[in-house]
Each structure stands twice: as C-alpha cells, then as structure tokens.
Amino acid sequence: MYRTKTNGELRIANVGEAVTLAGWVQRTRKMGGMTFVDLRDRYGITQIVFNNEIDADLCEHANRLGREFVVQITGTVAERSSKNSKMPTGDIEVIAKELNILSESITPPFTIEDNTDGGDDLRMKYRYLDLRRNSVRRNMELRHQMAILIRNFLDSKDFLEVETPILIGSTPEGARDFVVPSRMNPGQFYALPQSPQTLKQLLMVAGFDRYFQIAKCFRDEDLRADRQPEFTQIDCEMSFVDQDDVLAIFEDLARHLFKEVRGVDLPAKLQQMTWHDAMRRFGSDKPDLRFGMEFVELMDTMKKGKFGVFDTAAYIGGICVPGCANYTRKQLDQLTDFVKKPQIGAKGLVYVKYNKDGTAKSSIDKFYTPEDLQELKEKMGAKDGDLVLILSGDNANKTRIQLCALRLEMGDQLGLRDKDKFECLWIVDFPLFEWSDEEQRLMATHHPFTMPCPDDIPLLDTHPEQVRAQAYDFVCNGIEVGGGSLRIHDTKLQEKMFKLLGFTPERAEAQFGFLINAFKYGAPPHAGLAFGFDRLVSIMAGLDSIRDCIAFPKNNSGRDVMLDAPSVLEPGQLDELFLKTDLTRINEDAKK
RNA sequence: GGUGCGUUAGUUCAGUUGGUUAGAAUGCCUGCCUGUCACGCAGGAGGUCGCUGGUUCGAGUCCUGUACGCACCGCCA
C-alpha cells in the first residue's frame, strides 16, 4: 500500500492499480530506450517509468521533460524489480500510460534539493522555488502545526481569539513605528502596531477575560538573524490573575508544545531566576543554561596580587572552562583577540591553566604566588585540566556583558550549545526603569503600563531605579522567546508612571488618553504575555535564523528582494497623499 | 550610525609573490546507453573577475571610494 496523490486527494494505492499523479519533474534519467522521471509533489517523490518497447511515442514525449516541468501522469503502480531503500516510495514505481505536460519550466537558478547549491540571496529572490525544497517546506509545515497546537491549547483554556487593527496610531515610546499616510486625512498617518499591547488591555476592560491572537507586529528597527521588521507574536492577556497564574498557564503551553513537537519533557516547574541573579551569574537577562561556566566574582581574590590592571577594576570575574588547560598559546591569543574585538571591547584577557599534572600556568604568574593561584582554583571550583578565564573592567555591567560573550564563545567552541537540548526558564523581577543616557531620563524597561512590585512602590518617589517590575521573560537556550507583565489598572498609579517617564499630562493624554479614560470605567486587574512565534518555531526546528521559518522574509536591509520592496511611488500617488519626498539629505551624505 | 567578512561561469567556490589564453565541481546543450535512482560514458557552450578611480610596463590579485550581501555592536518601551 502506498500513499500517492491522485486528483488532488490523498489516497492509498495498491500495486496494479491505476493512478493519476501530478507534480513537478525533480529529474529525469534517460537510459536509451527507457526514461525514469522522479515526480515530486508536497508529499514526496515517486518514480515514473517510460519504456520505449511499450510506447515509443510516449517515451519520446517524456524525453522532452526538463527540471521543474509540471506534469500529470496516468499509469499503473508496479513493484520495482530493483528497489531503492533510500526513498520512502522506493519499492514501487508508476508505469506511465499517459503524460500531460501542464506547464514547462526554464532552468531554475539553483537546484531544488535538500542541499541546494543556491546562496541565501538567490534563494530569497526566487523564494517560490526555495519553498519547493523539503527542508524549507518542512519549516512551514512545522509552523502550521505549532499554530494549530497553540490555538487548540488556548481555546481549551477559554482564551478568545480577537483580531486587532493593523492601522492604529503612532506611539513614540519604544521602537520606531512603520507609518502609513491617510489619503482621507491629509497630513495624518496611521502606524502599524509594534504589538497589540494597548488594544488587548482594552479587551480586558471590555470584560473578555482571556484573549489571544497570533498577531503580526511591526518594528522599524535594524534587522538581525532573529529580528524581522514584521514578525508574529502569540499575544495573550488575562484578567483577575497574578504573576504565578500567568507563568503557570504559559509554561503549560510551552510544555505542551515541546512535548507534541519535539517529544521533549520540560520540567514540571520551570526555574525562575531574578534578573539580578541572571546578570550576576551569567551577565545576561537571557542566559543559556545548556551549559555551566557560571561567573565567579573575584574582586577579593585577585586584588591581593600585584597585577596593576586589577587595582582600579570595578568588577573582576572569571569562568572555569572544563578540560581546556591544554589550550595552546595560539588558541589563547585568539581568545584574547576575541574579547578585544570592538563589539565586545574588553582590554585584555587573563588566563590560568590548571594542568593535569597539578601545576598551574597563567598570564599573571609574575604577580601571584602559587598559593594565590591555588586559592583561585578553589574559589573557581576548577579541577586539574581546567582553564580559568578572567575579565576585569571599570564598569561592572559592561564587564559582565563581555564575560557573557566569552562564556557563549566557549560554549560554542566546546559544542555545548546543542540544538537538540532545550533549557527554558523564567527571568523575573526586571527593573521597572532603565536610565537612558541618550534621552537623559528614565525609560520603561518593559513598557509604561507595567505594574511595579507592591513592596517597591514606596521607592517610586525616592529611588525609582531600584523599583522592580512584575515583569517576566521566557528564555530558551539563551534566546528571549517571550515576555510580559502585570499591568497597571489604577489610574493614579498610571499617572505617576507617566510622570516618572517624563510625560507631561498633556502628552500622556494625547498618546494614551483612550487607555487612561477606559480605566475610569472599571478596569479589572490584568496581565499578559507574548511569545515570539518565529523564534519559537526556529528553536524547535533548530534553525539559525527566523528567516528560515518565514515564507517571504526580508533581507538584512529590510528589503523583500523578490518583490523588490520597498519601492518609490508614482508621482500621482504621492500627490493624492499630499506627500513630497526630499532626498537632498541622502545626496548630501553621498557627497561626503 | 559603527565593526568584521564577502562579491570571479547559470550556481557553489579555487585562483600562489602583481606576469602567457582565469580554473574545478555542479548545472545547461548535443550524442550514446533498457533497470537507473546524485545513473554512466563522450563531446560542447558558458566570464565586463560587483562598480569606480588610482599605483604599475602589466591588476581578478595592491590602494581609494562606492554599491550590494551576511554576521555583529548601537538600536529593538
């Protein structure tokens, strides 16, 4: 019994049965009097046989076929005389009786194979061909499967899916908005939502209790492998819940997804790590817990020696890299170059090798006694054969971020960032505010509607930078996959937040008046969370970039190279919108 | 806004110290081949070395600028 595609319907065909298959020509093999055609559709490949001795005209017709021709073939399912164990349909073939060329194809610019010869750029330009490839199509199938699982899960928990508008108003806080001119309101612009944040809060005021949406979001910021200008969030909001309720239900969702998609059992209760601990132990608010090498703070230990660099350091920290005492001078120099790269910006790297024979060799032997190094060894929990790497700097936070980059690099070098291993955790107790040097004011770490921790509310007036937020991130394998918070539903507290963030009452009213007003009519306590759907899919699929699970992604410059978008408008279109483009600034930059 | 790497045949890449007619694989075309399945064999076509300016007797190779691509920093409430 073999699965085939017949007249658009899946069915099971038996040997000897007549079938009609339609699809694309993967390749042909001409053997003189015989021609074999590998016919591909969404479900796989079936070998078609044309035989000169059975039907010479038909065989001649088949010899015209080229790669990616679309054909319909009627024939008989037959058992193969020589089977091919490498392909799922390898023990049958279809002996062709009729061949109908539905569409011809010019030679594709790259091979439609699992291991294509096409580069990323070319694949994106011809994405419709790229999507024919198994590996890419499978990512789309996984995305579909996960969307179904998520919808069904949230539906079973009484979440109501509501679509919120794509054309909304601009909010200067946070990321840059994409804007859309309004023809009927000359000189005015819509903005595309960075997230449906305020709208879902209004749905809570509306009494919808539990909302979700698989929502397109838009941010006009620079791109990365894990950042697209338009992306998809699993956007959720709940009323009458506290933080534990939210975390419980969404780690249930995560547990369900990992089990159904990957067969992986996440722990019954996910670890919760405070932001402060995450920064102290891993130098990151999204630590990769697939491996150890936790930071050890070494201020007391290292300041004993005579190494001048450490005298003025505000932070000295080390990681213990297991089994790497045999690193060569060249490898250590490369690590030093790595931390000195401009993106990382460390001044230098101190290493201590604890050799297998019990001796120690370090870059700071001149300044420390063997006893000092022994004390360091104990402090680091290092064993013979381990390598200790130490960074220092006069800015504790920056140095921790540098040490984080080094830790991840060592994790990569030792192959510890295994794509089939999943370590998920919650980061909690984020600071409510961050100081912005650029704007010379406090900025909301999460967003301006985030509820402070109740214990810290008195600090709002005295030490706002110390106030913790009831905000949480879902982190998997060092990637921020989701985040959310309890929201402020009290008008007075919200006004205070706006004031601390430097909003005048007039500006707050102009931008968020609709929300403040709504809260005057009985707002339930509410909280929510959003998962980055693209990131979640790419983690499950083991992809390096979220582009690979997006049907038609944008490139690094935010361009769709297939559609050649964005593009200039016809003069008439601009006119209708009362718009003029002024490219003089670009030309001036070009002259310089 | 910044840093790094890259740009050579349809495609993926190699190209030594600057030196004759720029190579390989694959794809494509032609012919042969009745059990192939990455079929095989023989032959063939295919290049403005991203663009620009410079150094040089001579530039794919060195230098300036620029465009594009990728990764990253800044940015992403």
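So you know, we letter chains A, B, ... as the sequences are listed, proteins then strands, and number each from 1.
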(request) List the protein contact pattern of nucleotides 23-35 of chain B with one symbol per nucleotide (5' to 3'): B for base contact, S for sugar-phosphate-only contact, - for none; contact means a heavy-atom distance under 4.0 Å. (result) ----SS----BBB
(message) Once salt bridge (charged side-chain N to carboxylate O under 4.0 Å, His left out) is applied, do any residues pair with A/Arg400, and if so which ones, sequence neighbours excluded?
(response) none
(message) Expected output is a numbered-order residue list: members of residues 547-561 of chain A with a heavy atom under 4.0 Å from any atom of RNA chain B. What is it?
(response) A/Arg547, A/Asn555, A/Asn556, A/Ser557
Collect all protein-nucleotide pairs involving nucleotides 73-76 of chain B in which both atoms are nitrogen or oxygen and the distance is under 3.5 Å.
from, atom 1, to, atom 2, distance (Å)
B/C73, OP2, A/Arg224, NE, 3.1
B/G74, N7, A/Arg224, NH2, 2.9
B/G74, O6, A/Asp222, OD2, 3.4
B/G74, O6, A/Arg224, NH1, 3.1
B/G74, O6, A/Arg224, NH2, 3.3
B/G74, N1, A/Asp222, OD2, 2.9
B/C75, O2', A/Glu221, OE1, 2.7
B/C75, O2, A/Arg227, NH2, 3.1
B/C75, N3, A/Arg227, NH1, 3.1
B/C75, N3, A/Arg227, NH2, 2.9
B/C75, N4, A/Arg227, NH1, 3.1
B/C76, O2, A/Arg227, NH1, 3.2
B/C76, N3, A/Arg227, NH1, 3.2

(request) Indicate whether OP1 or OP2 belonging to B/C39 is found under 4.0 Å from a side-chain N or O atom of A/Arg27. (result) yes
(request) Scan residues 124-135 of chain A for pairs that pass salt bridge (charged side-chain N to carboxylate O under 4.0 Å, His left out), counting only residues two or more places apart or in two chains. (result) A/Glu68-A/Arg132, A/Arg123-A/Asp130, A/Arg127-A/Asp130, A/Asp130-A/Arg133
(message) For A/Gln201, give me all partners under side-chain hydrogen bond (donor to acceptor under 3.5 Å, both in side chains), at least two apart in sequence or on another chain.
(response) A/Gln197, A/His526
(request) For B/C29, give its Watson-Crick or G-U wobble partner with both distances under 3.5 Å, or none. (result) B/G43
(message) Which residues pass the side-chain hydrogen bond (donor to acceptor under 3.5 Å, both in side chains) test with A/Arg138, not counting sequence neighbours?
(response) none
(message) By the salt bridge (charged side-chain N to carboxylate O under 4.0 Å, His left out) test, which pairs, at least two apart or in different chains, include something from residues 555-568 of chain A?
(response) A/Arg559-A/Asp564
For residues 332-343 of chain A, which side-chain donor-acceptor pairs fall under 3.5 Å, sequence neighbours excluded?
from, atom 1, to, atom 2, distance (Å)
A/Asp333, OD1, A/Arg329, NE, 3.3
A/Thr336, OG1, A/Leu332, O, 2.9

Give every pair of a protein N or O atom and an N or O atom of nucleotides 43-48 of chain B that lie under 3.5 Å apart, one pair per line with the distance.
none

(request) List for me each residue that meets side-chain contact (heavy atoms from CB on, under 4.5 Å) alongside A/Arg67, sequence neighbours excluded, and say none if there are none. (result) A/Thr107, A/Pro108, A/Thr111
(request) For RNA chain B, determine which residues of residues 395-416 of chain A have any heavy atom closer than 4.0 angstrom to one of its atoms, and list them numerically. (result) none
(message) Whether the A/Ser195 and A/Gln233 side chains hold a donor-acceptor pair (N or O, under 3.5 Å, no angle test) is what I'd like checked.
(response) no
